[in-house]
Visitor: 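The structure is given below, and queries will be raised subsequently.
Just so it is clear, the structure is predicted and the values come from calculations on it, not from any experiment.
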Amino acid sequence: MNRDYLIKPLLGQHYPMISHGKGVYLFDKEGKRYIDGSSGAITVGIGHGVDEIIDVMTEQARQVSFVYRSQFTSEAAEKLAKKISDITQGDLNWTFFVNSGTEATETAMKLAIQHFQEKGIKGKNKILSRWMSYHGITIGALSMSGHPLRRQRFVPMLEDYPSVSPPYCYRCPLNLAFPSCDTACASELETAINRIGSEHIAAFIAEPIIGAAGGAIVPPHGYYQRVKEICEKNDILFIADEVMTGIGRTGKMFAMEHWGVQPDIVTLGKGMTSGYTPMAATIASDRVIEPIMKGSKLVMSGHTFSANPLSAAVSLAVIEYVEKHNLVKAAEEKGDYLKKKLEALQANSSIIGDVRGKGLLIGVELEGNVKSSSFIQNASNKGLLLYPSVAGRNGKEDSAFMIAPPLTITYEEIDELLQILSESLYELEAKQSGLTYATKGE
């Protein structure tokens, strides 16, 4: 009797065996082709099988693939840190490399607390965050995450960091409407700070656009300006979790550029390597690092593979590929095209409640008790991969998914994606109505 040795996401479930990928397509061992409409976990920004990246990977491996960061630096890591300084806003000039987005947000948390410790302020140890947020799966990162379903097994071990409502205009948790609400969800941050005491709070962390915990929720105009104002007033650092949104995904190199607000700390992951290697980063401003530079000179974080030269060389090549091929602009223009087509589908659909997002990070929220997991499975059966997310007032409903193909997708491939999506949509609507759905040619 065959048995499994690999712990997969769902024990006992069958997963197709991957064969290879090229561009926006993935192929399994059975020869089935899939459009990677989710870039894996919203990761593969430049597409699969790019020879330029593979060549850089091979060349770096010939030189050196690993050194320990306390013994050596590497040209690859130094160049990548300089590139990140060049592409970020203002004085975000210091980068700490880690292996995953979770590690990046946890490093950001530690860095924010250490910033105040080095200034002689010992009591600012809390990190505020929002409900309907996700910052990672380790205990520290999960403590900052307002994702009830991912928190529930570990609640006794977690800090109570989520404290304010999300900017979820479609189902406003405050039962208000923009703009008459005067961004009350942002002002709620000030209320939380006043209740807890700013002397206890080191930072506020937020995803610029809420991903897995909300399905590409975009805050209203003025939200982040208000958040930044509140943070500065209370001497609290603002951490932007750009693990999902960074490196062009939303039509800007960094999503916070949409609002013209510079965070104090930024986290990156996913798209910074396009999935070609594990790597992530925590980026800090000169202001954040200054007291550490004058004090211990040691950021208390790090992992065996931090600043790995092989991953650094690959990440630099990916970012340069994004720039060379104008993929940030492509994400903006193709995202507009895709979103308009989805809104046209919504206008004629009984189950699409909301279409939202920026660039090639687009969320769809379903209505009528249709489960997004069923929709995603139906689309996968037809050769389209989508990314699941929760939604609903309490952030627990299986009712949303995200469409986030590689930034290299062509308009013809977008149309192919939309055709499969439409077929899945109409099939589910027909089932709801008790009708028989026939695909073209039947």
Side-chain angles (χ1 to χ4, degrees), residues 21 23-26 33-48 134 170 207-218 244-245 247-251 255 270-271 274-275 327-328 330-349 351-367 370-391 398-429:
V24 301
Y25 297 104
L26 290 167
R33 188 183 76 168
Y34 304 80
I35 298 177
D36 191 359
S38 63
S39 298
I42 312 187
T43 301
V44 187
I46 67 169
H48 300 276
Y134 183 60
Y170 181 61
E207 300 161 272
I209 296 172
I210 299 171
I217 292 174
V218 180
M244 185 175 283
T245 56
I247 314 299
R249 171 56 60 185
T250 70
K270 295 183 183 287
S274 192
L327 295 185
V328 178
E332 178 188 17
E333 294 173 348
K334 292 170 184 175
D336 286 345
Y337 176 83
L338 176 56
K339 191 177 178 189
K340 285 174 183 173
K341 293 283 188 178
L342 289 167
E343 287 169 345
L345 273 179
Q346 177 189 7
N348 295 298
S349 170
I351 63 174
I352 296 181
D354 193 32
V355 174
R356 53 190 179 240
K358 283 185 179 292
L360 285 171
L361 181 63
I362 300 176
V364 176
E365 186 164 346
L366 302 175
E367 299 284 358
V370 177
K371 294 186 180 297
S372 59
S373 55
S374 298
F375 190 97
I376 290 167
Q377 185 59 57
N378 200 37
S380 179
N381 293 341
K382 297 177 183 297
L384 171 61
L385 302 175
L386 303 169
Y387 191 82
S389 58
V390 290
D398 177 12
S399 61
F401 62 86
M402 288 185 285
I403 306 169
L407 314 186
T408 53
I409 194 168
T410 66
Y411 287 99
E412 292 77 14
E413 290 164 346
I414 291 175
D415 289 340
E416 183 183 357
L417 181 158
L418 286 162
Q419 179 61 39
I420 298 174
L421 191 80
S422 299
E423 289 178 5
S424 299
L425 178 67
Y426 297 146
E427 187 171 307
L428 284 175
E429 286 181 330

Visitor: What verdict does the side-chain contact (heavy atoms from CB on, under 4.5 Å) test give for Leu384 and Ser424, after you've listed the backbone C-alpha separation in whole Å, the side-chain angles of each residue and the deciding distance to 0.1 Å?
Guide: CA-CA 10 Å; Leu384 171 61; Ser424 299; 5.9 Å; no
Visitor: Backbone N or O of Lys371 within a donor-acceptor pair of the Ser373 side chain at under 3.5 Å?
Guide: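 No: the side chain of Ser373 does not pair with the backbone of Lys371.
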Visitor: Apply side-chain contact (heavy atoms from CB on, under 4.5 Å) to residues Glu207 and Thr245 and explain how you reach the verdict.
Guide: CA-CA 8 Å; Glu207 300 161 272; Thr245 56; 6.0 Å; no
Visitor: Nearest 0.5 Å please: distance from the CD atom of Glu365 over to the CD atom of Gln346.
Guide: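 The distance works out to 10.5 Å.
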Visitor: What are the two closest non-hydrogen atoms of Tyr134 and Ala213, and how far apart are they?
Guide: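 Between these two residues, the closest heavy atoms are N-CB, 4.1 Å.
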Visitor: Checking side chain to side chain contact (heavy atoms under 4.5 Å, CB included) against Val364, which of Leu345, Asp354, Ile403, Leu386 comes through?
Guide: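 Checked Leu345, Asp354, Ile403, Leu386 against Val364; only one passes side chain to side chain contact (heavy atoms under 4.5 Å, CB included): Ile403.
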Visitor: Roughly how far apart are Asn378 CG and Leu421 CG, rounded to 0.5 Å?
Guide: 10.5 Å
Visitor: Tell me whether the rings of Tyr337 and Tyr411 are parallel (<30°), tilted (30 to 60°) or perpendicular (>60°).
Guide: perpendicular
Visitor: Applying side chain to side chain contact (heavy atoms under 4.5 Å, CB included), name anything that partners Val370, two or more places apart in sequence or on another chain.
Guide: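 Val370 satisfies side chain to side chain contact (heavy atoms under 4.5 Å, CB included) with Ile351, Leu366, Leu428, Gln432 once adjacent residues are dropped.
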Visitor: What are the two closest heavy atoms between Ser39 and Pro405, and how far apart are they?
Guide: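 Scanning both residues, the minimum pair turns out to be OG-C, 3.0 Å.
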Visitor: Go through the steps to decide whether Phe375 and Leu425 satisfy the test side-chain contact (heavy atoms from CB on, under 4.5 Å), and finish with yes or no.
Guide: CA-CA 8 Å; Phe375 190 97; Leu425 178 67; 4.1 Å; yes
Visitor: Determine, stepwise, if the pair Leu342 / Leu418 fulfils side-chain contact (heavy atoms from CB on, under 4.5 Å).
Guide: CA-CA 8 Å; Leu342 289 167; Leu418 286 162; 3.9 Å; yes
Visitor: How long is the gap from OH on Tyr387 to CG on Leu361, to the nearest 0.5 Å?
Guide: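 Separation between the atoms: 10.5 Å.
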Visitor: Measure the CD1-CD1 distance between Ile46 and Ile247 for me, rounded to the nearest 0.5 Å.
Guide: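 Those atoms lie 11.5 Å apart.
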Visitor: First locate atom NZ of Lys382, then atom CD1 of Ile35, and finally report the distance between them rounded to the nearest 0.5 Å.
Guide: 13.0 Å
Visitor: Working to the nearest 0.5 angstrom, can you tell me the gap between Arg249 CZ and Leu327 CG?
Guide: 10.5 Å
Visitor: Between Tyr25 and Asp36, is there a side-chain heavy-atom distance shorter than 4.5 Å?
Guide: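 Contact flag for Asp36/Tyr25 side chains = no.
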Visitor: At their closest point, which heavy atom of Lys270 faces which heavy atom of Ile42, and how far apart are they?
Guide: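 For Lys270 and Ile42, the tightest heavy-atom pair comes out as CD-O, 3.4 Å.
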Visitor: Is it the case that the side chains of Gln377 and Asn381 hold a donor-acceptor pair, with the cut-off being a distance below 3.5 Å and no angle test?
Guide: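 A pair is found: one side chain offers a donor N or O, the other an acceptor, under 3.5 Å apart.
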Visitor: Can you name the nearest heavy-atom pair linking Gly21 to His48, along with the distance?
Guide: C-CB, 3.5 Å
Visitor: With a 4.5 Å cut-off on side-chain heavy atoms, are Arg33 and Leu26 touching?
Guide: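 Result no, sub-4.5 Å side-chain heavy-atom pair not found.
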Visitor: If I compare all heavy atoms of Arg356 with all of Ala391, which pair ends up nearest, and what's the gap?
Guide: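 Taking every non-hydrogen atom into account, NH2-CB, 4.4 Å.
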Visitor: At their closest point, which heavy atom of Ile409 faces which heavy atom of Lys334, and how far apart are they?
Guide: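 Smallest interatomic distance, heavy atoms only, reads O-NZ, 2.6 Å.
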